[in-house]
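Down below is the structure, laid out as structure tokens.
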Amino acid sequence: MPELPEVQTITSDLNKYLKNAVIKSVEIEKGYKLFELAPKRLKLFKFSLGKVKAQPNNEFFIKKVLDQRIVSVSRIAKNISFELANDFHILIHLAMTGQLLLRKPEHPKDKFQRVVITFNKNGCYHLRFCDMRMFGKMVLISKKDLSKFMEKYGYDALNVDLTPEIFLKALKSKRTAVKNALLDQKKISGIGNIYATDALFLSGIHPEVSTKSLDLKKAEILLNNIRLVLNEGIKNRGSTLNDKMYVDVFGKPGNHQNYFRVYGKKTCAVCKNSVQFKKINGRGTYFCLICQPFA
DNA sequence: ATGTTTGTTCCGAT
DNA sequence: CATCGGAACAAACA
């Protein structure tokens, strides 16, 4: 579920609460394998790490993280990275339905709980990795491999080094509908379906307009609106849809769903005309034909 | 029963 | 060979 604002909310809370905490135990739900589910899933892991080989098994993971101190928690695109005091990072991607919950050990078992890491800092805490659909991943990666892993991502949408010129060039390197380019993490990272939809609406750009038709002025407007909705999303602690799958580390839903511009809407808040809904590249897309003319 | 879902990768067509 | 779009991954809900 999470896009950049949701991952950022989780990451900054975890950094606040787990920085310098020490991992005292790791429990993996019976049948849940960090890297070795079905053969197909193993393949998925390998590819998702690029040329980097995933570590072979749960035991290796546990051995390497036990008694390690968390140096810091940070966000890489939509991944959460736990820097350990040794040579490794724990990398977590929540995909569609992943959750990270900070719990007291006595708190009742959470639904779809897959991995429980116990930390020792100001008492004893659980970090529970829950994932209903199991598209998420949790892997151990060496510092050297992490830099290789990061190469597969384009500029983070909130990176101040990303200028309108670079942004435009990145979009144009893909000859496709502008919305598809925005969702391509290799070009620009962090943007997901909801925030892309709202940013295009604010920019008056039809989602199916070709990247070829963009000019620097439009790119600058779009980039500013992307940052506007992402920063708003962070301020509002993320978006929680009706399925309630996104919650923060305390189990609380976000508020940004109350501030969507066009996503999930029936009528346009600006011109009152009916909002269009269309699947673009398999992703539900909302737009207003009056405010976002296809031209 | 069918269609829907915040993400990413695989695979076939071009 | 590079690139794009659709399918697949899996589970719950309406």
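Note on naming: letters A, B, ... go to the chains in the order of the sequence lines (proteins, then strands), and numbering restarts at 1 for each one.
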Check: In whole Å, what separates the P atom of B:dC10 from that of C:dA10?
Finding: 14 Å
Notebook entry, point to check: Under the salt bridge (charged side-chain N to carboxylate O under 4.0 Å, His left out) criterion, do A:Arg75 and A:Asp156 qualify, and how do the steps go?
Noted result: CA-CA 10 Å; A:Arg75 182 178 62 77; A:Asp156 193 276; 2.7 Å; yes
Notebook entry, point to check: If you check every side-chain atom of A:Lys111, which of B:dT4, C:dC4, C:dC13 has the closest atom?
Noted result: C:dC13
Checklist line | Rounded distance (Å) that lies between atom P of B:dT5 and atom CG of A:Asn281 | finding: 13 Å
Check: Between B:dT8, B:dG7, C:dC4, which one does the side chain of A:Lys174 approach most closely?
Finding: C:dC4
Checklist line | DNA chain B stem ranges, 3 or more consecutive Watson-Crick or G-U pairs under 3.5 angstrom | finding: B:2-5 with C:11-14, B:7-14 with C:2-9
Item checked: B:dT8 phosphate, OP1 or OP2, under 4.0 Å from A:Gln185 side-chain N/O -> yes
Note to self: Does A:Phe260 reach a base, just sugar-phosphate, or nothing at all? Heavy atoms under 4.0 Å.
What the structure shows: nothing
Check: Side chain of A:Arg175: nearest nucleotide among B:dT8, C:dT3, C:dG5?
Finding: C:dT3
Notebook entry, point to check: With a non-hydrogen cut-off below 4.0 angstrom, is A:Lys279 in contact with a base, only sugar-phosphate, or nothing?
Noted result: sugar-phosphate
Ignoring hydrogens and angles, write down the donor-acceptor pairs under 3.5 Å from the side chains of residues 12-21 of chain A, residues two or more places apart or on other chains.
from	atom 1	to	atom 2	distance (Å)
A:Ser12	OG	A:Gln8	O	2.7
A:Asp13	OD2	A:Arg237	NH2	2.5
A:Asn15	OD1	A:Val73	N	3.0
A:Asn20	OD1	A:Arg69	NH1	2.7

Next item on the list: Would you please confirm or rule out a distance under 4.0 Å between OP1 or OP2 of B:dT9 and any side-chain N or O of A:Lys152?
Entry: yes
Margin query: Here's a test for you: under side chain to side chain donor-acceptor pair (under 3.5 Å), which of A:Asn193, A:Thr211, A:Asn281, A:Asp184 qualifies with A:Lys179?
Written below: A:Asn193
Checklist line | Nearest listed nucleotide, side chain of A:Thr176, among C:dC4, B:dG7, C:dA12 | finding: C:dC4
Notebook entry, point to check: Roughly how many Å is it from NZ in A:Lys187 to P in C:dC4, rounded to a whole number?
Noted result: 7 Å
Next item on the list: Could you tell me whether the side-chain ring of A:Phe135 sits stacked on the base of B:dG7, using a centroid cut-off under 5.5 Å and a plane angle under 30°?
Entry: yes
Checklist line | Gap between atoms CZ and C1', on A:Arg283 and C:dC4 respectively (whole Å) | finding: 16 Å
Checklist line | Phosphate OP1/OP2 of B:dT8: any A:Lys78 side-chain N/O under 4.0 Å | finding: yes
Checklist line | Approximate separation, where rounding is to 0.5 Å, of A:Glu83 CD and A:Leu146 CG | finding: 9.0 Å
Note to self: In whole Å, I'd like the distance from the CG atom of A:Leu4 to the C1' atom of B:dG7.
What the structure shows: 14 Å
Notebook entry, point to check: Base, sugar-phosphate, or nothing: which does A:Gly192 touch, judged by heavy atoms less than 4.0 Å apart?
Noted result: sugar-phosphate
Notebook entry, point to check: Does one side chain, of A:Thr97 or A:Asp131, offer a donor that lies under 3.5 Å from an acceptor on the other?
Noted result: yes
Next item on the list: Find the distance A:Ile280:CD1 to C:dG6:P and express it as a whole number of Å.
Entry: 11 Å
Next item on the list: Give A:Asn242 one of three labels, base, sugar-phosphate or nothing, depending on what nucleic acid heavy atoms sit under 4.0 Å from its own.
Entry: nothing
Note to self: I want to verify a distance call: between C:dA12, B:dT8, C:dC4, whose nearest atom is closest to the A:Met132 side chain?
What the structure shows: C:dA12
Margin query: Can you confirm if the aromatic rings of A:Tyr125 and A:Phe119 lie within a centre distance of less than 6.0 Å?
Written below: no
Notebook entry, point to check: With sequence neighbours left out, which residue pairs that include part of residues 178-218 of chain A fulfil the ring pair (Phe, Tyr, Trp, His ring centres under 6.0 Å) condition?
Noted result: A:Tyr195-A:His256, A:His206-A:Phe287, A:His206-A:Phe294
Next item on the list: Can you measure from CD (A:Glu208) to OG1 (A:Thr285) and round to the nearest 0.5 angstrom?
Entry: 7.5 Å
Notebook entry, point to check: Picking from B:dT8, B:dT4, C:dA12, which would you name as closest to the side chain of A:Phe112?
Noted result: C:dA12
Next item on the list: Using atom NE2 of A:His93 as one end and atom C1' of C:dC9 as the other, report the distance to the nearest whole Å.
Entry: 14 Å
Check: Rounding to a whole Å, what distance do you find between A:Tyr195:OH and B:dG7:C1'?
Finding: 15 Å
Next item on the list: Specify the separation, in whole Å, of atom NZ of A:Lys179 and atom P of B:dG7.
Entry: 9 Å
